[in-house]
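Report on the structure given below.
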Amino acid sequence: MTQPTLSRSANIGARAIEDALDSYMTEFGAITRRARDRFARREWREMRSDAAKRLGLYRRRIDRLVEEITPLLGDRLHDRMAWAGMKAVYSGRIAGRQDYDIAETFFNSVTRRVFSTVGVDQDIEFVATDFSSPPSQSVGAVHRRVACDTVEAGVDALLEGAGLGVAWQDRARDAALAAERIAERVEAAGWRHPVAALEVVAVPFFRAGGAYLVGRASSTGDLDHVPVVLAIRNGPSGAWVDAVLTEERDVSVLFSYTRSYFHVEVDRPSDLVRFLKSIVPRKRIAELYIAIGFAKHGKTELYRDILDHLEGTEEVFEPTPGTPGMVMAAFGMPSQDLVFKIIRDRFPPPKQTTRREVMDRYRLVSRHDRAGRLIDAWEFEHLAFGRDRFSEEVLDELLSEASRTVEVAGDTVVLHHVYVERRVTPLDVFIRTVDERAAADAVVDMGNAVKDLARSNVFPGDLLLKNFGVTRSGRVVFYDYDELTLLDEVNFRRMPEPTHPEEELAAEPWFGVGDADVFPEEFRNFLGLPRTLRAAFVDAHDDLFDPRTWEAIQQRIAEGEIIQILPYEERRRLRHEAPVAA
């Protein structure tokens, strides 16, 4: 291969990467824009298909770019000086872009693919952003402000200008009901001044079967703020406001790491994230980027959070609370709400899965509708930390149980493949540390989680308490994926009646059992609950022990039904006098 000069390599490479970024953002934007029409036409299956297609865009575009840039750079492909120059040229090229933050991560993805970088390389990566402040001016405001002579009139104006392309069932009715909810929230907050304006993101958010106007209400002089999210549904007789969310907790759940990503068309992602942060201040910047579809940049922000945390503490990685997993080794820092999970080299009986199958299941979860019940796991490669940041217990376990993945090089520990998740409290730990009422609520919500997963075509496999966790908002989620499978791949059976007493007493089944066979009646034996909590679960979810419950959901899925799982509580829905139909 020919070898262009360093200067020419830097310019050629920087231009090729920016061109590829433009191509990616164009495709990303086209799919995102389609969500509006999908919602208006109630094309829920197509909306789900678009979500899956958009998720795969990034990897495909990076793969193609590496193929394109290899002959362009020739012998300079692995020349770090050429890439250092390329980074400088590229930084100058993206300074005027609205998506400069996404552009930096895009460059990092290319260099890490070419060099398989271990840890970070300041010279050829944007470890921290090159810009201490946004390098370009916003082309427009990310939100619109509607002055409120009355809250009802303000809500009506928002609905009228939402641009959803739908007919409303009764816009005036919905505006009045929504205004009542907002007034109740303002009164409860003890505002001394009336609502002066509603400020919402200028474009709607779309996900699954819903559209959302996301913003806040502010008082005179902007002295007070409360979140305001209008959740809108669409049916054959028109669209309606289904719920109003005015509590930070509810909006946080809407943007949760247990949900699929929104489709929202925005020129300047950083401005949108900054506005969302004002509504849900406890949310990580990383999670907000991920929630609006920029998962790769969300990972960049998450890694920066991890590095900042390490610089600000002398804590070490310690084992996470709860029962150790047979498939994954888990650890984290006590004051950080993240868990690091590494696949073990070997799995003890009765586990019969493989490393590849475990990775495939995590990949399935990342692409599937998580229905608010599956934790998104962020996959990293070649992370490097100081050896002194690991407790002896954690390091000994990693080196003895995951030596295929973990390497010690001098004073550095390299994690060649690791999943990072938000920390939750294991359900078996939770019920031992709270009062009986809270414990009963949690185990009942565990049953709700199982049903939500089933409706989204997921069967968790293991229904053991240790595989479920309780989030900061109090919701029960599932986080152990090594036995997870699609519901439509499971054969739910009723236990056959024994024909002889000897069969009933036999240690092994007297009937044939296929790999996909599941006997719901046996779930009772694996709950592992104290008597009172077991009674609470059975009272609420006795139907889970009946194969017909599962088969009925399978039938609905087989018939092509998209079973909607609302991302808010029933009590947040509006009390419409006239019935509405999905």
Side-chain angles (χ1 to χ4, degrees), residues 11-41 43 46-72 86-87 89-114 126 129 131 134-142 163-165 201-207 211 260-273 288-301 366-367:
N11 281 280
I12 290 174
R15 184 168 60 249
I17 294 173
E18 189 180 15
D19 287 347
L21 171 65
D22 287 337
S23 172
Y24 165 70
M25 293 300 290
T26 297
E27 292 182 81
F28 183 95
I31 295 175
T32 300
R33 279 190 297 276
R34 280 208 297 266
R36 187 187 306 267
D37 292 336
R38 300 292 195 206
F39 177 79
R41 295 194 292 260
E43 295 173 344
E46 291 82 359
M47 186 177 281
R48 177 175 288 185
S49 176
D50 281 349
K53 183 176 181 181
R54 196 182 69 166
L55 276 171
L57 277 181
Y58 195 93
R59 179 181 291 273
R60 289 198 297 273
R61 193 60 191 93
I62 292 295
D63 288 344
R64 193 159 72 246
L65 173 57
V66 173
E67 291 179 2
E68 294 166 352
I69 209 170
T70 297
L72 287 176
M86 198 184 307
K87 178 190 171 188
V89 173
Y90 184 81
S91 182
R93 292 181 68 96
I94 67 173
R97 296 182 66 106
Q98 295 292 294
D99 58 356
Y100 64 91
D101 44 352
I102 311 301
E104 289 184 332
T105 288
F106 196 81
F107 186 91
N108 291 351
S109 296
V110 183
T111 64
R112 294 188 72 85
R113 178 71 62 83
V114 170
F126 295 95
T129 178
F131 308 106
S136 59
Q137 295 295 316
S138 300
V139 295
V142 74
L164 294 173
V201 176
V203 291
F205 291 65
F206 298 94
R207 183 173 64 198
S260 301
Y261 309 147
F262 282 108
H263 287 223
V264 52
E265 185 181 8
V266 61
D267 292 320
R268 194 175 177 91
S270 59
D271 284 356
L272 176 57
V273 166
L288 293 173
Y289 271 107
I290 291 168
I292 63 173
F294 295 105
K296 288 295 182 180
H297 186 67
K299 283 176 54 177
T300 296
E301 294 287 350
S366 73
R367 294 175 174 358

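Listed by chain and number, the residues in a side-chain contact (heavy atoms from CB on, under 4.5 Å) with Arg41 are Asp37, Arg38, Glu43 (sequence neighbours excluded). In terms of the side-chain contact (heavy atoms from CB on, under 4.5 Å) criterion, Ser49 has no residue partners (sequence neighbours excluded).
Using a 3.5 Å distance cut-off with no hydrogens or angles, the side chains of Ser260 and Arg48 do not pair a donor with an acceptor. Side-chain contact, Tyr289 with Thr300: no donor N or O sits under 3.5 Å from an acceptor N or O.
Arg93 and Glu18 make their closest contact through NE-OE1, 2.7 Å (heavy atoms, listed as atom of the first residue, atom of the second, distance). The heavy-atom pair separating Arg207 from Met47 by the smallest distance is C-SD, 4.2 Å. Here the shortest heavy-atom pairing between Ala141 and Ala202 reads O-CB, 4.4 Å. In this structure, Tyr261 and Leu55 approach most closely via the heavy-atom pair CE1-CD2, 3.3 Å. Between Phe28 and Ile292, the shortest heavy-atom contact is CZ-O, 4.2 Å. The shortest non-hydrogen separation linking Asp101 to Ser270 is OD2-CB, 3.5 Å.
Atom CZ of Phe294 is separated from atom CD of Glu301 by 12.5 Å, given to the nearest 0.5 angstrom. Distance check, rounded to the nearest 0.5 Å: CG of Leu21 to CD of Glu104 gives 11.5 Å. Between the CD1 atom of Ile17 and the CD1 atom of Ile69 there is a distance of 4.5 Å, given to the nearest 0.5 Å. A distance of 8.5 Å separates CZ in Arg64 from CZ in Arg60, rounded to the nearest 0.5 Å. In this structure, CG on Asp99 lies 8.0 Å from CG on Asp22, to the nearest 0.5 angstrom. One distance of note links CD1 of Ile62 with CZ of Arg112; it measures 12.5 Å at 0.5 Å rounding.
For Glu46 and Lys53, the salt-bridge test fails: no basic side-chain N is under 4.0 Å from an acidic carboxylate O.
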Pair Leu57-Ile31, side-chain contact (heavy atoms from CB on, under 4.5 Å): steps then yes or no: CA-CA 10 Å; Leu57 277 181; Ile31 295 175; 3.8 Å; yes
Determine whether Tyr100 and Arg268 satisfy the following criterion, side-chain contact (heavy atoms from CB on, under 4.5 Å), listing intermediate values before the conclusion. CA-CA 9 Å; Tyr100 64 91; Arg268 194 175 177 91; 4.0 Å; yes
Working note: Ser136 + Arg97, criterion side-chain contact (heavy atoms from CB on, under 4.5 Å); need CA distance, chi angles, decisive distance, verdict. CA-CA 7 Å; Ser136 59; Arg97 296 182 66 106; 5.9 Å; no
Could you go through Arg59 and Arg113, starting from their C-alpha distance and side-chain angles, then the distance that decides it, and tell me whether this counts as side-chain contact (heavy atoms from CB on, under 4.5 Å)? CA-CA 11 Å; Arg59 179 181 291 273; Arg113 178 71 62 83; 4.3 Å; yes
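Between Phe126 and Tyr90, the ring planes lie tilted relative to each other; the angle falls in the 30° to 60° range.
Checking side-chain atoms of Arg36 against main-chain N and O of Pro204 turns up no donor-acceptor pair under 3.5 Å. Side chain of Ser109 to main chain of Thr105: a donor-acceptor pair is present (N/O by atom type, distance under 3.5 Å, no hydrogens or angles).
A side chain to side chain donor-acceptor pair (under 3.5 Å) with Thr32 is found for one member of Arg54, Glu265, His263 and no other, namely Arg54.
In this structure, Lys296 is not positioned above the aromatic face of Phe106 in the sense of NZ or CZ being under 6.0 Å from the six-membered ring centre and within 45° of the axis.
Within the 4.5 Å cutoff, the side chain of Leu164 has heavy atoms near those of the Phe206 side chain.
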